[in-house]
Amino acid sequence: MLSERDNALLTRVGPGTPMGELLRRYWTPALLVSEVPTPECAPVRVRLFGEDLVAFRDARGRVGLIQENCPHRGASLYFGRNEAGPDGTCGLRCPYHGWQFDADGACIDMPSEPPTSTFKDRVRAKAYPVHESGGIVWTYMGPAEHMTPFRDFGTETLRPANAAATKIHTPCNWVQAMEGNLDTSHISWLHQWEGVEQIPDDGSDKPGYPTNAMSWKFWRHDRAPRLEIEDTWYGFKYAGIRTTPNGHTHVRVTAYCYPFFTVVAALPFSTRHGVFVPIDDHNTARFTFVTRDVENPHGIGGPGLFERTPFTHARNEQGTGVLPRVYTAENDYGIDRDVQRTVTYSGVAEFVSQDFMVTESMGPIYDRSQERLGTSDKAIIRMRRLLLGAARGLADGAPPPAVDGDLDYRGIRSAEKILEPGADWRALGTDDDPLVRETDPPARLPRAGG
Ligand code: FES
Ligand SMILES: [Fe+2]
């Protein structure tokens, strides 16, 4: 549990809040590149950390991210015209009186004032810097004098054709949404289904990499995983440890990176990020992105995790782009009570919506003073403690953690495996893991500037 004071400190992200100030020190996914695909395309609304912004790609292909309300008298620039301006300039022109702003927020045309006026040189729209990488438009919203380097999780060297990023909206606080990705215990419950018992034993319940199908069986077999945590320079990683039907030790290792990045355990290891970006205190944009041209080159684990499940997975249906919400609170997530009784534990027909059902139903911000946390909640407790410490530290003048440009963000990986007797899970998915050395060697790459 958390005190009401700590809960507010943890969850509130508006300008001037300690957590809001911390989050603004990190380059953050703002929107998908596919939302502003071509020069002079329609602008899009972007709400981020409680600030209303508009994104556009100008006639020369540059992305701008500027305040939504026109600096003149506040009309929404979402309704603006994205067009070339005088003298080779270009930008978003307000529909009300024609003031035009470029991607840096400079007012480049003010046709409602006399031609001799220099007023436009003294007017600016608030603009944030952007960087396109991995199919995502990233931004930095902190103080310019404290700008941190762009953190390359691997997207900088991704071939553009392989970039795959998604965004989906969840109407609850970002920490609440993120806690689901740091909670291995719930895969033994929320996402379970009866047919798991009928999956034939394919012989992979032994030290090494099991199949995805057998993995479901392990989650169902041992429904009270033991959690162990290791603090790292980027945050922490933790193992959910389960005993298999044959008595072996199965581990799922998930990574948490400041401030809202998660890499959830997958076979044999993963670098696919799930990111929980606050739209405001009560809404979250859940992004995913890939960081490698080839994932799992040996195909370890066999057919995908959702091959046999009686529910779908949003990412399988649509691998990139803004994902629609079909199952929401308004339709009770489509819960089918007969299916819940006989087929699946949740009764919800889509995997991520099973998660949304539980995290959104807590309310926009759950009152964490009402919680009763157990041993299986260790990882979320650690995440909260790290974030609270970092927000308080920044307010006291300490630098934000894990922002150094020389750190190897590309080396943050999750993992899943059945351990050899006596083996330690901590090396799994690191540069010391033999499979990582073979298939994903560390790369020291030039980084994009901030
Ligand atoms: S309100 Fe935008 S130009 Fe007047
Ligand atoms: Fe889940």
Side-chain angles (χ1 to χ4, degrees), residues 43 52 54 56 64 66-83 85 91-102 105-114 117 119-120 122-127 168 170 172 176-193 196 212 215-216 219-220 223 225 238 240 252 254 256 262-266 270 272 274-276 284 286 288 305-306 309 311-316 323 327 333 344-362 376-377 379-380 383 414 416:
D52 287 315
V54 59
F56 63 101
I66 65 176
Q67 68 183 66
E68 182 180 353
N69 293 112
C70 177
H72 179 210
R73 277 172 40 214
S76 172
L77 291 169
Y78 168 74
F79 298 107
R81 294 169 61 104
N82 185 2
E83 59 184 29
L92 209 49
R93 190 184 290 280
C94 180
Y96 203 174
H97 313 95
W99 294 18
Q100 190 176 22
F101 300 90
D102 72 8
C107 185
I108 54 173
D109 197 18
M110 193 181 275
S112 60
E113 293 296 308
S117 168
F119 184 35
K120 81 171 166 52
R122 301 193 299 281
V123 173
R124 286 195 82 85
K126 184 159 197 174
I168 193 166
T170 176
C172 73
Q176 202 164 298
M178 180 162 66
E179 286 172 351
N181 272 25
L182 300 172
D183 174 22
T184 187
S185 160
H186 84 273
I187 60 172
S188 291
W189 298 97
L190 177 70
H191 301 306
Q192 277 298 322
W193 42 288
V196 170
N212 279 306
S215 198
W216 283 102
W219 306 348
R220 189 177 180 89
R223 299 181 125 176
Y238 81 97
R252 298 181 80 239
T254 289
Y256 162 77
T262 62
V263 186
V264 171
S270 175
R272 184 185 292 257
V275 192
F276 296 83
T284 302
R286 178 178 162 140
T288 67
L305 198 54
F306 297 94
T309 55
F311 39 79
T312 62
H313 190 282
R315 276 200 296 265
N316 284 359
L323 303 182
Y327 305 111
Y333 304 90
T344 67
Y345 194 77
S346 67
V348 173
E350 195 269 314
F351 183 80
V352 179
S353 293
Q354 296 168 356
D355 292 302
F356 290 145
M357 175 179 74
V358 291
T359 50
E360 292 170 4
S361 64
M362 298 168 188
S376 65
D377 300 308
I380 65 165
M383 175 270 289
S414 68
E416 177 173 347

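No hydrogens, no waters, no symmetry mates; every other heavy atom, side chains included, goes into these values. Counting starts at 1 for both ligands and their atoms, following the listed order.
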Original post:
Could R93 and D109 be called an ion pair, given the rule that one side-chain N must be under 4.0 Å from one carboxylate O?
Top reply: yes

**OP:** Could you check which N/O/S atom of H186 is closest to the Fe ion (ligand 2)?
**Re:** NE2

**OP:** May I ask you to check whether Y96 and H72 place their ring centers less than 6.0 Å from one another?
**Re:** no

Subject >> Whether over 12 other heavy atoms sit under 6.0 Å from F311 CZ >> reply: yes

**OP:** Would you mind listing which atoms of ligand 1 come within a distance below 4.0 Å of any non-hydrogen atom of C94?
**Re:** 1 (S), 2 (Fe), 3 (S)

Original post:
Restricting to N, O or S atoms of H72, which is nearest to atom 4 (Fe) of ligand 1?
Top reply: ND1

Subject >> Straight-line distance of H191 NE2 to H313 NE2, nearest 0.5 Å >> reply: 8.5 Å

Original post:
Backbone or side chain, does H97 get an N/O/S atom under 2.8 Å to atom 2 (Fe) of ligand 1?
Top reply: no

Original post:
Going through the distances and angles, do Q192 and T344 end up as a side-chain contact (heavy atoms from CB on, under 4.5 Å)?
Top reply: CA-CA 6 Å; Q192 277 298 322; T344 67; over 6 Å; no

**OP:** Could you list which atoms of ligand 1 come closer than 4.0 Å to a heavy atom of W99?
**Re:** 3 (S)

**OP:** Could you go through the ring-ring contact (aromatic ring centres under 6.0 Å, His included) check for F351 and F306 one step at a time?
**Re:** CA-CA 9 Å; F351 183 80; F306 297 94; 4.8 Å; yes

Subject >> Interfacing atoms of ligand 1 (cut-off 4.0 Å, heavy-atom, C70) >> reply: 1 (S), 2 (Fe), 3 (S)

Original post:
Given NE2 of H191 on one side and OD1 of D355 on the other, what angle do they make at the Fe ion (ligand 2), to 10°?
Top reply: 100°

